[in-house]
Colleague: 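Input: one structure, supplied below.
When a residue number appears, it is its place in the shown sequence, counting from 1. A quick note: this is a predicted structure, and the numbers were derived from the prediction, not measured.
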Amino acid sequence: MAQRRFTADSEQVAELLFDDSDESESGSDPDRFDSSEEDQILDGIDPFEELNQETTEQPSTSAEPRTPTARPLPHSTASAPPAAHRSRSPPAAHRSRSPPAARRSIYLPRPGSSSTATEPPRSSATPALRSRRRGRRPSVSQSQFGSPVGQSLSPVRCPAPPDQPEQGWKTEKDPDVAPIPHRFCPRLKPGVQLDTSVEQSPLCLFKHFFSADSIRTLCANTNKLAERNIGAGKRYKWTTINPAEMFKFIGLVLYMGVLKLPAVNDYWKRKNIFSVNFPNKVMTRDRFCAISWNIHMSDPEEDVVNDRKKRTQPDEYDTLFRLKPLMTEIKAACQSAYHPKKQLSIDERMVATKARTEMTQYMKAKPTKWGIKLFVLADSSNGYTCDFNIYTGKSRLASGLGLSFDSVVELMRPYFLGSGYHLYCDNFYTSPKLFRHLLSLNFGACGTIREGRKEAPKTKINQLTKKSPRGSLRWIREDNLLFTKWMDNREVAMCSSVHVAYDGDTVKRNLKKRDGSWEETKIPVPKPIVDYNMYMGGVDLSDQLIQYYSVHHTTRRWYRTMFFHFIDIAVTNGFIMYREIQKLRNTPANQLITHRAYVEQLVAELCGVTVRAVPVQRRTGHTPVPISQPAARLRCEKCKADGLPRKDTSWKCNECDVPLCLQPERNCFHMWHNM
């Protein structure tokens, strides 16, 4: 009999699948499939088998009507039910539906199979069977086969397109075309945004970050907290603090960053060889400690309201509420005072503290392992802190793409920067998804990438091995993303959206020859690695400048630790701006003041004094007095020592008890004490 194709309407298929004519209404039927047998059928379904197949009808060799035989259960030892039970009439309750023969006839036998039993499509019928067991019917808008209602099912699946050959790793000998660079259009002209035609003193630069409004708010909140503490029973003398005194307090804090002593009390020691005189001239020790205990950036009354939300309304609780008034001003000042150049870097910064807060982090790879973590955006050319965010734990408003993705997107904002910037980051942030998102914002990016990162190339064709010689280079380009691997002391993997794979750069390395000697050799290096080493250190440079004269010291409150860090940011950014201004004014290098001299001058201006102190006149008993002896005149000891003729004098030194000339033409008294 000729071959034929079979198609069925999906509604008719669903009606046939729900025919319960084989089920008995009551009693025990030894030939009926129970639920466990049905589970075995479901477990044996092959989800990749074709739904419909071509078949060839075999002519019956017997005159009797052909009776289909049941197919053995997959993974089951149950035998097929007898023919008598298969041909049994359906119960009365189900006679309105199609007979079992009609239901089974929609499934065609396997091509070439000797069995005449029909076989249902396995993967497609699974949802219908399970819905039937749970008492639910399948969706009306879509059949059990996944096809829209009213469309016919294709008997033969279309062949899949042939697989494309997998792309292998290329070498430095293969040509590469760099992506079209984005046009560099910063929102403002890169550099200092202040008036560079006038002299900017360290105090003027510092006041740009700690403005008059910020200082007044700081004084008001500090006074409120001190009054509340005194009312709670704290015993110390307190007088209202004003902005002038607040600047002096900050000046002493910076003084302690330059001249480091073991304890705060050591700065007010007296009658000791290690005593220092300056702090006691600015304010007393008790006054300094009282201000330090009560320094506060937010309104204490509003803090109480915010703390209650932590228990009652956790979604509205603000972890950084105590920092917000000053932190907002500092961040705005960092963005308005200086606009970064083209190359930027993002990295973490740890502010040391072991306070028990939900923000305290531990990072074993950092020099400061315990502390509050900041994500910092810095200018790669000078280390200027352009912006920063404080990590407060898992965000409730996260995008779902990971902390590294969200932290970069929050700092790389086009309305602040502009477009065309190049970002450099380490393997914590680098991912193809992030770099593609930055490309959509007209930002380029480059960074090291972790092995096995999602969407990174997984091919092993022509890849580097542990036996690859030093200087071996491999790369793959996927659209605008370049993935490179380079063998140095170990394998280094990079991802970039702004570089070409190799442009002829080389580095010098010492390679060991076979005879055991060492030879300096030039080896090729990918362009992304060259630029990464050049521009990635922006945040590290900023951290280095901060650590030189940091005002950080241990406190009991984590927000006071952050207050001192805000002072460090203001001083360091001010010094960087000072150097940039001097470059614009073409100031000779020998006239530029050092970092230490800049901080010392800032301390003097904050405290209202000059760096060069007036010498203190020492009290002495070396004064001329008349000789009280009867002769009333004695020989001058200075003239005698100089071999001059005898000179008698009626004056002597009160302390030395030595007769000395005291005459207009010869003042031996002065010369004697300056010998």
Side-chain angles (χ1 to χ4, degrees), residues 161-182 342-343 345 380 404 422-439 443-537:
D163 295 337
Q164 297 181 356
E166 187 178 8
Q167 183 182 6
W169 293 94
K170 300 179 182 180
T171 65
E172 66 274 11
K173 298 180 180 179
D174 298 315
D176 182 31
V177 179
I180 300 176
H182 296 288
K342 187 175 182 179
Q343 316 297 340
S345 64
S380 298
S404 59
H422 291 175
L423 174 68
Y424 293 84
C425 53
D426 59 18
N427 56 18
F428 173 74
Y429 306 93
T430 304
S431 68
K433 184 179 292 295
L434 172 63
F435 281 18
R436 289 190 174 96
H437 178 74
L438 292 177
L439 283 174
F443 292 141
C446 175
T448 56
I449 187 170
R450 294 178 179 176
E451 192 70 23
R453 179 72 85 169
K454 189 176 181 180
E455 298 184 10
K458 301 296 190 300
T459 180
K460 296 183 179 180
I461 301 177
N462 195 30
Q463 69 174 355
L464 290 178
T465 63
K466 294 182 179 179
K467 296 183 179 180
S468 298
R470 196 170 188 177
S472 300
L473 187 154
R474 300 290 186 272
W475 63 272
I476 286 181
R477 179 170 293 280
E478 295 182 357
D479 298 331
N480 290 330
L481 292 188
L482 172 69
F483 299 90
T484 62
K485 291 185 177 182
W486 183 59
M487 182 61 71
D488 195 15
N489 289 334
R490 58 184 179 85
E491 183 179 305
V492 182
M494 301 287 297
C495 179
S496 174
S497 61
V498 295
H499 292 103
V500 68
Y502 179 68
D503 62 350
D505 290 327
T506 59
V507 292
K508 295 180 179 180
R509 293 291 187 269
N510 291 326
L511 300 181
K512 193 173 185 179
K513 298 191 297 185
R514 293 184 177 180
D515 58 358
S517 60
W518 293 86
E519 179 184 8
E520 188 179 77
T521 308
K522 292 183 178 180
I523 60 175
V525 58
K527 183 62 175 176
I529 294 181
V530 175
D531 286 354
Y532 178 85
N533 292 333
M534 185 180 300
Y535 299 117
M536 180 55 201

Colleague: Which distance, rounded to the nearest 0.5 Å, do you find between the SG of C425 and the OH of Y532?
Modeller: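 Separation between the atoms: 7.5 Å.
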Colleague: Counting only pairs under 3.5 Å, give me each side-chain donor-acceptor contact of residues 475-482, with atom names and distances, residues two or more places apart or in other chains.
Modeller:
| from | atom 1 | to | atom 2 | distance (Å) |
| --- | --- | --- | --- | --- |
| W475 | NE1 | T171 | O | 2.7 |
| R477 | NE | D176 | OD1 | 2.8 |
| R477 | NE | V177 | O | 3.4 |
| R477 | NH2 | D176 | OD2 | 3.0 |
| R477 | NH2 | H499 | O | 3.0 |

Colleague: Which value, rounded to the nearest 0.5 Å, describes the distance between M494 atom CE and N427 atom CG?
Modeller: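 Taking CE in M494 and CG in N427, the distance rounds to 10.0 Å.
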Colleague: Does the pair E491/R474 count as a salt bridge with the N-to-O cut at 4.0 Å?
Modeller: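 No, this pair does not count.
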Colleague: Might you point out which heavy atoms bring A501 and P528 nearest each other, and give the distance in Å?
Modeller: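 Closest heavy-atom pair between A501 and P528: O-CD, 3.9 Å.
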Colleague: What's the separation between atom OH in Y424 and atom CE in M536, rounded to the nearest 0.5 Å?
Modeller: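 Interatomic distance, Y424 OH to M536 CE, rounded to 0.5 Å: 11.0 Å.
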Colleague: Under 3.5 Å, side chain of R509 to main-chain N/O of R470, donor-acceptor pair present?
Modeller: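 The answer is no, because no donor-acceptor pair under 3.5 Å joins these two groups.
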Colleague: Could you report the tightest heavy-atom contact between C495 and F435, atom names first, then the distance?
Modeller: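 Result for this residue pair: O-CE2, 3.3 Å.
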Colleague: Evaluate whether atom NZ of K467 has more than 12 neighbouring non-hydrogen atoms of other residues, nucleotides or ligands under 6.0 angstrom away.
Modeller: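 Not more than 12 within 6.0 Å, no.
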Colleague: Distance from S468 atom OG to K485 atom NZ, nearest 0.5 Å?
Modeller: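 Reported to 0.5 Å precision, the distance equals 10.5 Å.
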Colleague: For residues F428 and R453, report the shortest heavy-atom separation together with the two atoms involved.
Modeller: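 Smallest heavy-atom distance, with atoms named: O-NH2, 3.6 Å.
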Colleague: Find the distance between CG (L423) and CD (Q343) and round it off to the nearest 0.5 Å.
Modeller: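 It is 10.0 Å, given to the nearest 0.5 Å.
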Colleague: Could you walk me through whether E455 and K433 pass side-chain contact (heavy atoms from CB on, under 4.5 Å), step by step?
Modeller: CA-CA 8 Å; E455 298 184 10; K433 184 179 292 295; 3.7 Å; yes
Colleague: Closest approach of G168 and T459, non-hydrogen atoms and distance?
Modeller: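 Shortest heavy-atom contact: CA-OG1, 4.3 Å.
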Colleague: If we only count heavy atoms from C-beta on, is the L511 to P469 side-chain gap below 4.5 Å?
Modeller: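 Side chain of L511 against side chain of P469, heavy atoms only: no contact under 4.5 Å found.
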Colleague: Measure the CD1-NZ distance between I529 and K527 for me, rounded to the nearest 0.5 Å.
Modeller: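 Spacing of CD1 (I529) from NZ (K527) equals 12.0 Å.
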Colleague: Where the side chain of S345 meets the backbone of G537, is there a donor-acceptor pair that is under 3.5 Å apart?
Modeller: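 No: the side chain of S345 does not pair with the backbone of G537.
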Colleague: Where is the tightest heavy-atom contact between W518 and N510, given as atom of each residue plus distance?
Modeller: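 Scanning both residues, the minimum pair turns out to be CZ3-O, 3.4 Å.
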Colleague: Might you confirm whether atom NZ of K458 has over 12 heavy atoms from other residues, nucleotides or ligands at distances under 6.0 Å?
Modeller: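 Yes, the 6.0 Å shell around NZ holds more than 12 heavy atoms from other groups.
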Colleague: Locate the shortest heavy-atom distance separating W486 from L464; write the atom from each residue and the value.
Modeller: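 Closest pair (atom of W486, atom of L464, distance): N-CD1, 3.9 Å.
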